[in-house]
Amino acid sequence: MSEEEIQHIKQRFGIIGASPALVHAIRIAVQVAPTDMSVVITGESGSGKESFSKIIHSLSPRKHGQFIAINCGAIPEGTIYSELFGHEKGAFTGAVDARKGYFEVVDGGTIFLDEIGEMPLDTQAMLLRVLENGEFIRMGGNKVQKTDVRVIAATNVNLAEAVREHKFREDLYYRLNTVPIYVPPLRERGEDVLLLFRKFAVDFAEKYKVQPIKYTPEAAELLKGYPFPGNIRQLKNLAEQISALELSREIDAHTLGKYLPKITPKQSIPAFLGGAENTGKDSLNERELLYKVLFDMRRDVTELKKLVFQLLHQGDFSAAELLRDHRELFTNLPDDDAPLNSPNTVAAGAKLLPYNQPKHAGTEDTVVISKTQNLDDEDEKIHEITYEEAADESLSIEQKEKELIIKALRKNKNKRKNAAQDLGISERTLYRKIKHYDIDA
């Protein structure tokens with residue numbers, strides 16, 4: 001698809017921006033439009049997901065049929081089934097007449113289901129039936145109705161996580177997610193934020209009969225660096241506020257800062273960083289994050305040990321004395337009178353060996369220290385200390401996961417369903433992992 005065609009699509013549907021992620025999303029929407037496949041559009045609230053549903057409908061063979069956008073989160077749970085699939089007379093209190101639902105009205109067209117993650121489970125079951133064979137039943141009825149509707153869904157939540165939490169049907173998730181389209185948030189679109197701001201400034205200048213507002217270079221940098229949690233919707237409201245309230249038509253960073261809400265930085269937690277190829281995939285669960293914390297703690301302790309032994313090697317006997325006085329931080333000595341080079345002295349990830357004990361052949365990363373000096377006017381000798389790093393320095397996620405699975409199975413007397421609930425995974429996933437780890441259950 002050429003750049004001219006992309007530009008034509010953007011002009012036709014009012015899409016502003018040139019970031020690579022945005023252009024990639026447009027290309028996918030154009031390519032999938034002529035087909036009849038289901039599409040799931042993911043992205044944060046206010047990022048412009050509905051525009052992509054209109055691209056798909058307008059470039060599809062259904063473009064002459066109806067297009068309806070429905071916000072599943074805005075319809076009460078008790079009435080959403082009736083809204084989508086209709087109801088018969090007397091189906092519920094107040095149903096004085098039969099009524100067609102959207103799937104019946106839009107036969108031959110396209111339905112855009114926004115915030116599909118908010119749809120109740122019973123309605124999800126009927127939606128799956130429509131997607132599979134085009135059949136549905138009105139509320140309070142028993143007659144099977146037929147419809148031919150293309151479904152485009154959108155969500156700002158992680159549907160895979162919702163499936164694990166039993167808030168979204170797994171079969172519906174895989175049926176809908178034939179072609180995923182990811183709409184990037186505004187903070188990932190670079191210079192696009194300035195293009196959008198200028199567009200909104202011109203629009204509101206015409207609306208309020210004033211000169212368009214401009215920004216200084218410092219204000220431009222502030223705009224590009226602001227995260228905009230409300231995305232395009234928040235940026236548009238910002239441009240309208242400044243256009244209507246500011247007398248000066250040029251705003252600097254100080255003036256702009258008065259209109260930008262303060263963002264409270266979230267507490268940093270350890271997490272694995274995924275590339276663009278991981279976008280839309282399952283987020284890490286709490287157990288994996290806990291493993292990451294353990295890895296970091298173990299690495300920090302190892303670095304601390306290395307530092308202490310380096311100080312000893314450099315002849316800093318105050319450090320050696322500190323190690324002797326506070327050996328409980330590094331060892332599991334049975335009592336306070338045991339010497340530092342006792343054969344029973346063992347540290348997590350390090351070992352203190354007796355004097356003149358031979359070093360194992362092939363051992364790497366070994367520091368040997370041999371010093372003699374009087375400490376506190378006492379004729380004491382600090383004997384040779386050999387530090388060996390443990391061969392298995394890094395923890396194994398698979399080993400820990402296997403241990404957790406075995407523990408959960410024992411706790412629940414090998415009842416896989418209960419064990420899966422305790423582990424926070426599906427019974428199918430548990431069965432696969434039991435087979436993978438060759439666990440006797």
Side-chain angles (χ1 to χ4, degrees), residues 1-45 47-72 84 102-103 106-117 119 124 127-134 147-160 163 168-185 188-189 192 232 276-282:
M1 193 173 187
S2 65
E3 293 297 328
E4 291 77 11
E5 291 174 317
I6 291 289
Q7 189 63 31
H8 174 71
I9 293 294
K10 290 194 288 187
Q11 291 176 352
R12 179 178 173 183
F13 295 96
I15 298 176
I16 297 174
S19 66
L22 180 68
V23 173
H24 178 68
I26 295 175
R27 289 183 186 276
I28 295 179
V30 173
Q31 290 174 352
V32 77
T35 71
D36 215 23
M37 293 187 292
S38 300
V39 179
V40 172
I41 305 172
T42 60
E44 296 181 5
S45 178
S47 58
K49 297 187 291 293
E50 186 171 346
S51 297
F52 288 84
S53 67
K54 293 178 180 178
I55 291 176
I56 296 172
H57 172 72
S58 300
L59 300 181
S60 74
R62 300 174 181 268
K63 60 185 177 181
H64 299 298
Q66 290 194 58
F67 173 85
I68 292 182
I70 302 169
N71 189 331
C72 299
L84 294 179
Y102 292 126
F103 275 87
V106 190
D107 188 15
T110 304
I111 289 184
F112 174 55
L113 297 176
D114 197 6
E115 306 302 342
I116 195 170
M119 181 179 288
Q124 292 178 28
L127 175 59
L128 178 63
R129 183 173 181 178
V130 172
L131 292 173
E132 292 289 351
N133 49 36
T147 187
D148 178 22
V149 174
R150 182 179 192 174
V151 174
I152 302 173
T155 179
N156 62 358
V157 301
N158 189 327
L159 288 183
V163 169
F168 199 83
R169 291 179 62 100
E170 185 176 15
D171 46 7
L172 177 60
Y173 169 71
Y174 289 114
R175 182 62 181 81
L176 278 174
N177 201 32
T178 307
V179 179
I181 297 178
Y182 172 67
V183 182
E188 296 179 4
R189 292 175 53 180
D192 287 0
I232 298 175
E277 69 276 4
N278 291 329
T279 302
K281 292 185 179 180
D282 300 357

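Since we're looking at a predicted model, the values are computed, not measured. For reference, positions follow the sequence shown, starting with 1.
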> Under the side-chain contact (heavy atoms from CB on, under 4.5 Å) criterion, do Glu132 and Asp171 qualify, and how do the steps go?
Replying inline: CA-CA 11 Å; Glu132 292 289 351; Asp171 46 7; over 6 Å; no
Inter-residue atom distance [X].[atom1] - [Y].[atom2], 0.5 Å rounding:
X      : Y      : atom1 : atom2 : answer
Thr42  : Ile116 : OG1   : CD1   : 13.0 Å
Leu176 : Arg169 : CG    : CZ    : 11.5 Å
Ser47  : Leu22  : OG    : CG    : 10.0 Å
Ile16  : Gln11  : CD1   : CD    : 10.5 Å
Glu5   : Ile26  : CD    : CD1   : 12.5 Å
Ser45  : Ile232 : OG    : CD1   : 11.0 Å

>> Tell me which one of Asn177, Val163, Leu127, Leu159 satisfies side-chain contact (heavy atoms from CB on, under 4.5 Å) with Leu172.
In response: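 For Leu172, the side-chain contact (heavy atoms from CB on, under 4.5 Å) check succeeds only for Leu127.
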> Between the main-chain N or O of Asp148 and the side-chain N or O of Asp107, is there a donor-acceptor pair closer than 3.5 Å?
Replying inline: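 Pair found, side chain donor or acceptor close to backbone of Asp148.
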> Would you say the side-chain atoms of Lys49 pair up with the backbone N or O of Ala153, donor to acceptor, closer than 3.5 Å?
Replying inline: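 No; zero donor-acceptor contacts below 3.5 Å.
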Minimum-distance pair of heavy atoms, taken over all atoms of [X] and [Y]:
X      : Y      : answer
Arg175 : Ser38  : NH1-OG, 3.5 Å
Ile55  : Ala29  : CG2-CB, 4.1 Å
Ala69  : Glu50  : CB-OE2, 3.6 Å
Pro184 : Arg189 : O-CD, 3.9 Å
Pro61  : Ala33  : CD-O, 4.1 Å
Thr147 : Phe103 : OG1-O, 2.6 Å

> Residues two or more places apart in sequence or in another chain: which of them pass side-chain contact (heavy atoms from CB on, under 4.5 Å) with Thr110?
Replying inline: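 His57, Arg62, Phe67, Arg150, Ile152.
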Please examine the side chains of [Y] and [X], heavy atoms only from C-beta on, and report whether any two atoms are closer than 4.5 Å.
X      : Y      : result
Leu84  : Met119 : yes
Val130 : Val151 : no
Phe168 : Thr155 : no

> Taking it one step at a time, do Ile9 and Leu59 satisfy side-chain contact (heavy atoms from CB on, under 4.5 Å)?
Replying inline: CA-CA 10 Å; Ile9 293 294; Leu59 300 181; 3.9 Å; yes
